[in-house]
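First comes the structure, then the notes that go with it.
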Amino acid sequence: MEHIREKNTDGMLSKVEVAGPGFINFFIAPHKWYEVLRQVHDMDAAYGTSTSGQGKRVQVEFVSANPTGPLHVGHGRCAAVGDTLAAVLCAAGFKVEKEYYINDSGLQIATLGRSVYLRYLALFGKPAPLPEEAYQGDYIRDIARGVAADEGDRLLNMKEDDAVAICAKRAADEIMAGIKEDLKAFHVSFDNWFSERSLVESGAVETAINDLKTRGIIYEHDRALWFKTRQFGDEKDRVVVRANGAATYFASDIAYHQDKLERGFDRIIDIWGADHHGYIPRISACVQALGHPKDRVCFVLVQLVNLLREGMPVAMSTRAGQFVTLREVMQEVGTDAARFSFLLRHYDSPLDFDLELAKKQSNENPVYYVQYVHARISNILRKARERGYNEIRWEDDFADLINLPEEIALIKLMQRYPDVVTQSARLLEPHRIPFYLMELAGAFHGYYHDRHRHQVVSDDPRLSAARLFLVSAIRIIIRNGLALMSVSAPQQM
RNA sequence: GCGCCCGUAGCUCAGCUGGACAGAGCGCCGGACUUCGAAUCCGUAGGCCGCAGGUUCGAAUCCUGCCGGGCGUACCA
């Protein structure tokens with residue numbers, strides 16, 4: 001105890017006492033809390049940022065949906081998680097690059113091309129049954145109609161493989177363009193779009209395989225090429241090139257991760273849907289085989305989304321073309337509600353996303369709860385300006401005016417915000433942001449509602465000025481937090 | 001079978017590297033608008049933190065086993 005008192009030279013602590021077995025309570029001197037308040041205003045949009053990431057370079061790869069169909073809600077959740085995580089890391093002082101890996105090569109693209117080709121044939125009165133693995137959504141027909149419009153019947157006289165290739169290229173490009181539009185509408189941006197095809201065409205895939213072959217990490221067995229993933233902890237070895245000569249996606253992934261690793265990131269984060277988790281040991285093996293520490297690449301698995309409408313599950317299947325797209329969800333519930341809802345659970349938990357619920361402008365919907373704080377305070381500030389409070393600036397007498405316990409409690413909450421951001425970055429858990437904002441919003445609503453005791457703009461000009469300073473600090477944090485999630489902070493609702 | 005994830009209030013979920021009586025929202029019930037916005041607030045009720053062991057001064061948190069659920073377990077991604 002004496003030791004603590006001696007160290008307390010700057011008067012940060014007002015009181016220290018022993019509180020039962022193993023506990024010591026420290027009481028922070030009130031003036032320290034006012035420093036927090038001033039700091040919020042001084043830093044403004046930068047409040048919450050820190051240098052804890054020390055400028056280390058981090059790559060976040062997310063969504064990376066195959067261009068074989070439009071984005072669905074599951075992709076939306078990954079998009080919200082990845083984009084917000086990137087923003088959080090950036091705020092925590094990391095240098096972040098966001099990347100989308102485009103699977104525009106390989107078997108699925110061939111299947112896509114074939115699906116379009118068959119629809120194309122049907123347009124010319126040559127209907128052919130669709131194989132079970134074909135994509136069957138209406139968008140496939142639309143693309144086929146586009147091919148017919150631009151190419152006429154030219155493809156009918158071609159070798160089938162060439163025709164399919166044309167269809168595949170066109171379909172992938174068109175679908176990819178649609179995905180980009182959807183992501184833009186969802187306020188998700190990427191620094192880099194990385195094409196798998198470019199790896200194949202540049203020979204990077206072949207080179208990577210050959211290198212690993214000479215090192216004995218890739219070997220031939222039953223006419224196929226296998227990667228010794230077992231040697232690095234996977235439960236079995238994995239095929240890289242099939243007996244029929246076709247490379248698996250794993251082949252491209254090796255080259256892709258090699259490329260990523262060579263770009264010199266301190267950390268690479270792969271965000272995947274949880275259904276891909278069986279892939280982790282494989283990629284991890286690849287990272288190690290390429291001579292990098294295992295933890296250079298880390299994985300965030302986002303659990304799947306159960307889409308509901310009024311509590312009833314909405315059935316979805318990409319192949320059969322029955323699914324609710326991200327675009328439809330955005331149009332129905334709005335991007336703010338969608339993004340907020342996606343972030344409202346730890347990514348480890350499956351998410352029940354109820355379309356009707358997300359639309360409700362009521363207390364069942366936390367988005368508005370948080371946004372409402374911003375609108376309310378904005379309104380107070382508007383009213384204050386009408387009364388001549390044009391400048392919100394700290395005055396020394398505020399310390400004597402802002403001293404109710406509930407006001408100190410609000411400041412304590414505000415003080416926590418930067419820690420929430422750095423913690424969220426350290427643990428790669430973006431859901432901490434909306435949870436914190438809801439807590440701050442709740443504290444504010446409670447404070448605000450007792451108008452008799454907490455009237456902000458009142459007949460007392462000094463008190464009004466002080467409370468305006470307090471309340472606008474809250475608004476700054478709400479706005480900053482929502483900005484991390486790319487959710488709007490409305491002036492009025 | 002094996003691997004990963006999850007089992008906390010009626011429902012949906014928080015709970016950082018173990019620490020003071022387990023929290024929130026929704027729902028239920030009961031209250032609050034002549035005042036800066038009621039998309040709000042206040043209050044009541046509701047929990048052997050899946051079960052059983054173990055480590056520890058101390059476990060919702062760590063370890064083991066079991067039960068229940070989700071997802072994987074391809075020369076598909």
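Order of the sequence lines sets the chain letters (A, B, ...), proteins ahead of strands, with each chain counted from 1.
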_A:Tyr368 side-chain proximity, nearest of B:A39, B:U40, B:C75_ = B:A39
*Give one of base, sugar-phosphate or nothing for A:Ala243, where a contact means two heavy atoms less than 4.0 Å apart.*
base
*Closest to the A:His449 side chain: B:U40, B:C16, B:C75?*
B:U40
_Proximity to the side chain of A:His431 - top-ranked nucleotide from B:C36, B:G15, B:C75_ = B:G15
*Is A:Lys383 salt-bridged to A:Glu386, going by a charged N under 4.0 Å from an acidic O?*
no
*asked:* Looking only at the side chain of A:Met493 (C-beta and beyond, no hydrogens), which of the listed nucleotides B:A39, B:C36, B:G72 gets closest?
replied: B:A39
*asked:* Could you check B:C49 for me: syn (within 90° of 0) or anti?
replied: anti
*Considering every strand shown, what is the Watson-Crick or G-U wobble mate of B:U56 when both distances are under 3.5 Å?*
none
*Phosphate contact (B:C36 OP1 or OP2) by A:Arg467 side-chain N/O below 4.0 Å*: no
*Counting any heavy atom closer than 4.0 Å, what does A:Gln455 reach on the DNA or RNA strands: base, sugar-phosphate only, or nothing?*
base
*Nearest-neighbour nucleotide for the A:Tyr448 side chain, B:C36, B:C16, B:C13 considered*: B:C36
*What is the pairing partner of B:G3, taking Watson-Crick or G-U wobble pairs with both distances under 3.5 Å in any strand?*
B:C71
*Contact class for A:His277 vs. all strands (heavy atom < 4.0 Å): base, sugar-phosphate, or nothing?*
base
_For B:A32, give the paired nucleotide (Watson-Crick: N1-N3 plus N6-O4 or O6-N4; G-U: N1-O2 and O6-N3; both under 3.5 Å), or none._
B:U40
*Which part of the nucleic acid, if any, lies within reach of A:Asn66 when heavy atoms closer than 4.0 Å are counted: base, sugar-phosphate only, or nothing?*
sugar-phosphate
*Counting only side-chain N and O atoms of A:Lys236, is one of them less than 4.0 Å from OP1 or OP2 of B:G72?*
no
*Touch check for A:Asn379, heavy atoms < 4.0 angstrom, all strands: base, sugar-phosphate only, or nothing?*
base
*asked:* Just to be sure I understand the rule, does A:Gln492 reach a base, reach only the sugar-phosphate, or reach nothing, if contact means heavy atoms closer than 4.0 Å?
replied: base
*OP1 or OP2 of B:A39 sitting under 4.0 Å from any side-chain N/O of A:Tyr372?*
yes
*asked:* Taking the ring of A:Tyr279 and the ring of A:Phe299, is the distance between their centroids below 6.0 Å?
replied: no
*asked:* Closest approach to the side chain of A:Arg426, judged atom by atom: which nucleotide of B:C16, B:C71, B:C6 is it?
replied: B:C16
_Interatomic distance, A:Phe353 CZ vs B:C11 P [rounded to whole Å]_ = 22 Å
*asked:* Of the options B:G37, B:G15, B:C13, whose atoms approach the side-chain atoms of A:Phe435 most closely?
replied: B:C13
*Report yes if the distance between the aromatic ring centroids of A:Tyr448 and A:Phe444 is under 6.0 Å, otherwise no.*
yes
*Taking the six-membered ring for Trp and the full ring for Phe, Tyr or His, determine whether the centres of A:Phe62 and A:Phe190 are under 6.0 Å apart.*
yes
*Tell me the partner of B:A20, counting only Watson-Crick (N1-N3 plus N6-O4 or O6-N4) or G-U wobble (N1-O2 and O6-N3) with both under 3.5 Å; none if nothing fits.*
none
*When you check the phosphate oxygens OP1 and OP2 of B:C16, does a side-chain N or O of A:His346 lie under 4.0 Å from one of them?*
no
*asked:* Is the terminal nitrogen or CZ of A:Lys236 (NZ for Lys, CZ for Arg) located under 6.0 angstrom from the six-membered ring centre of A:Trp226 and within 45° of that ring's axis?
replied: no
_B:C51: pairing nucleotide in any strand, Watson-Crick or G-U under 3.5 angstrom_ = B:G65
*Could you tell me whether the phosphate oxygens of B:G7, OP1 or OP2, come under 4.0 Å of any side-chain nitrogen or oxygen in A:Ser349?*
no
_If you count heavy atoms of other groups shown closer than 6.0 angstrom to CZ of A:Arg230, is the number above 12?_
no
*Are OP1 or OP2 of B:G15 and a side-chain N or O of A:Arg432 less than 4.0 angstrom apart?*
yes
*Ignoring hydrogens and angles, answer whether the base of B:G72 and the side-chain atoms of A:His276 contain a donor-acceptor pair closer than 3.5 Å.*
no
